[in-house]
Amino acid sequence: QVQLVESGGGLVQAGGSLRLSCAASGRTFSSYAMGWFRQAPGKEREFVGAISGSGGVTYYADSVKGRFTISRDNAKNTVLLQMNSLKPEEAAVYYCAATKRLFKRVLPHEYDYWGQGTQVTVSS
């Protein structure tokens, strides 16, 4: 069982940066690949990126490559999402999620545990 809590959301101007954090409970955190998703009102939940259990491999949606970076600290049970050059259309609730399935899972149903989400608002 893993419990996830996101933080760090807020209001940022277009072109600005924001760093989201996801704190996880449990002693087997490193056995989970972690993903970040986002969901805007009226839209489906969208894959943003993921990181392997060891932190050695990351994978991103094409729309965020080169601007977003995922990292993790297994000693602190934390995953970070650094977002740069944010666009107004990227305003959404951002979620972190955990899965024990093989890495590079991009569909929400492939993740077993979810946080409550944190709101990101990007003003134009």
Side-chain angles (χ1 to χ4, degrees):
Q1 190 88 11
V2 177
Q3 292 184 325
L4 305 172
V5 179
E6 301 95 336
S7 61
L11 173 63
V12 63
Q13 287 187 335
S17 298
L18 208 57
R19 188 176 74 171
L20 305 183
S21 179
C22 174
S25 65
R27 293 179 292 177
T28 60
F29 178 63
S30 61
S31 67
Y32 291 87
M34 299 297 295
W36 283 95
F37 290 77
R38 62 190 179 191
Q39 188 167 21
K43 294 189 176 182
E44 293 187 350
R45 194 162 295 190
E46 175 190 26
F47 174 77
V48 174
I51 188 166
S52 63
S54 67
V57 184
T58 53
Y59 182 69
Y60 300 95
D62 288 343
S63 60
V64 306
K65 277 181 185 175
R67 299 186 297 118
F68 288 16
T69 303
I70 298 174
S71 61
R72 68 189 294 163
D73 184 338
N74 285 341
K76 296 182 179 179
N77 281 19
T78 301
V79 179
L80 300 176
L81 175 63
Q82 177 67 43
M83 304 184 293
N84 299 327
S85 302
L86 280 161
K87 305 173 183 179
E89 58 266 33
E90 295 182 309
V93 177
Y94 282 70
Y95 299 89
C96 68
T99 181
K100 276 198 169 184
R101 294 175 174 85
L102 291 176
F103 187 50
K104 290 191 178 181
R105 299 295 171 173
V106 301
L107 299 176
H109 74 262
E110 295 176 311
Y111 285 77
D112 304 304
Y113 302 100
W114 292 83
Q116 83 289 349
T118 185
Q119 178 71 51
V120 172
T121 303
V122 185
S123 63
S124 56

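Note that the coordinates shown come from a computational prediction; the quantities given were computed from them, not determined experimentally. Numbering of residues begins at 1 and proceeds along the displayed sequence.
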What are the two closest heavy atoms between [X] and [Y], and how far apart are they?
| X | Y | value |
| --- | --- | --- |
| Ala40 | Ala92 | N-CB, 3.8 Å |
| Lys100 | Ser31 | CE-OG, 3.3 Å |
| Asn84 | Ser17 | OD1-OG, 2.9 Å |
| Trp114 | Pro108 | CZ2-O, 3.3 Å |

[X] side chain to [Y] main-chain N or O, any donor-acceptor pair under 3.5 Å?
| X | Y | answer |
| --- | --- | --- |
| Asn77 | Ala23 | no |
| Ser25 | Gln3 | yes |
| Thr118 | Gly9 | yes |
| Arg72 | Gly55 | no |
| Asn74 | Gly53 | yes |

> What residues, two or more places apart in sequence or in another chain, satisfy salt bridge (Lys or Arg N to Asp or Glu O under 4.0 Å) together with Glu110?
Replying inline: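 Residues passing salt bridge (Lys or Arg N to Asp or Glu O under 4.0 Å) with Glu110: Arg105.
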Filter on salt bridge (charged side-chain N to carboxylate O under 4.0 Å, His left out), then keep only pairs touching [range], sequence neighbours left out; what's left?
| range | value |
| --- | --- |
| residues 33-50 | Arg38-Glu46, Arg38-Glu90 |
| residues 51-64 | Asp62-Lys65 |
| residues 6-19 | none |

Please round to the nearest 0.5 Å and tell me the distance separating atom [atom1] of [X] and atom [atom2] of [Y].
| X | Y | atom1 | atom2 | answer |
| --- | --- | --- | --- | --- |
| Lys104 | Thr58 | NZ | OG1 | 9.0 Å |
| Leu20 | Cys96 | CG | SG | 9.5 Å |
| Leu102 | Ser52 | CG | OG | 12.0 Å |
| Ser85 | Arg67 | OG | CZ | 6.5 Å |
| Met34 | Thr78 | CE | OG1 | 9.5 Å |
| Tyr95 | Leu4 | OH | CG | 13.0 Å |

> Would the number of heavy atoms belonging to other residues, nucleotides or ligands and lying under 6.0 Å from NZ of Lys76 be above 12?
Replying inline: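 Open.
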> So with a 6.0 Å cut-off around CD of Gln119, is the heavy-atom count from everything else above 12?
Replying inline: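 Counting other residues, nucleotides and ligands, CD of Gln119 exceeds 12 neighbours.
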> Taking only residues two or more places apart in sequence, or in another chain, which ones meet Val5 in a side-chain contact (heavy atoms from CB on, under 4.5 Å)?
Replying inline: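 Checked Val5 against side-chain contact (heavy atoms from CB on, under 4.5 Å); matches are Gln116.
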Any side-chain heavy atom of [X] sitting closer than 4.5 Å to one from [Y]?
| X | Y | result |
| --- | --- | --- |
| Leu18 | Val120 | yes |
| Gln82 | Ser71 | no |
| Arg101 | Tyr111 | no |

>> Test: ring-ring contact (aromatic ring centres under 6.0 Å, His included). Region: residues 42-77. Which pairs qualify, not counting sequence neighbours?
In response: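 Those involving residues 42-77 are Phe37-Phe47, Phe47-Tyr59.
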> Should Tyr113 and Leu81 be regarded as members of a common hydrophobic cluster, given that ILVMFWY residues are connected when their side-chain heavy atoms come within less than 4.5 Å of each other, either directly or indirectly?
Replying inline: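 Hydrophobic grouping puts Tyr113 with Leu81.
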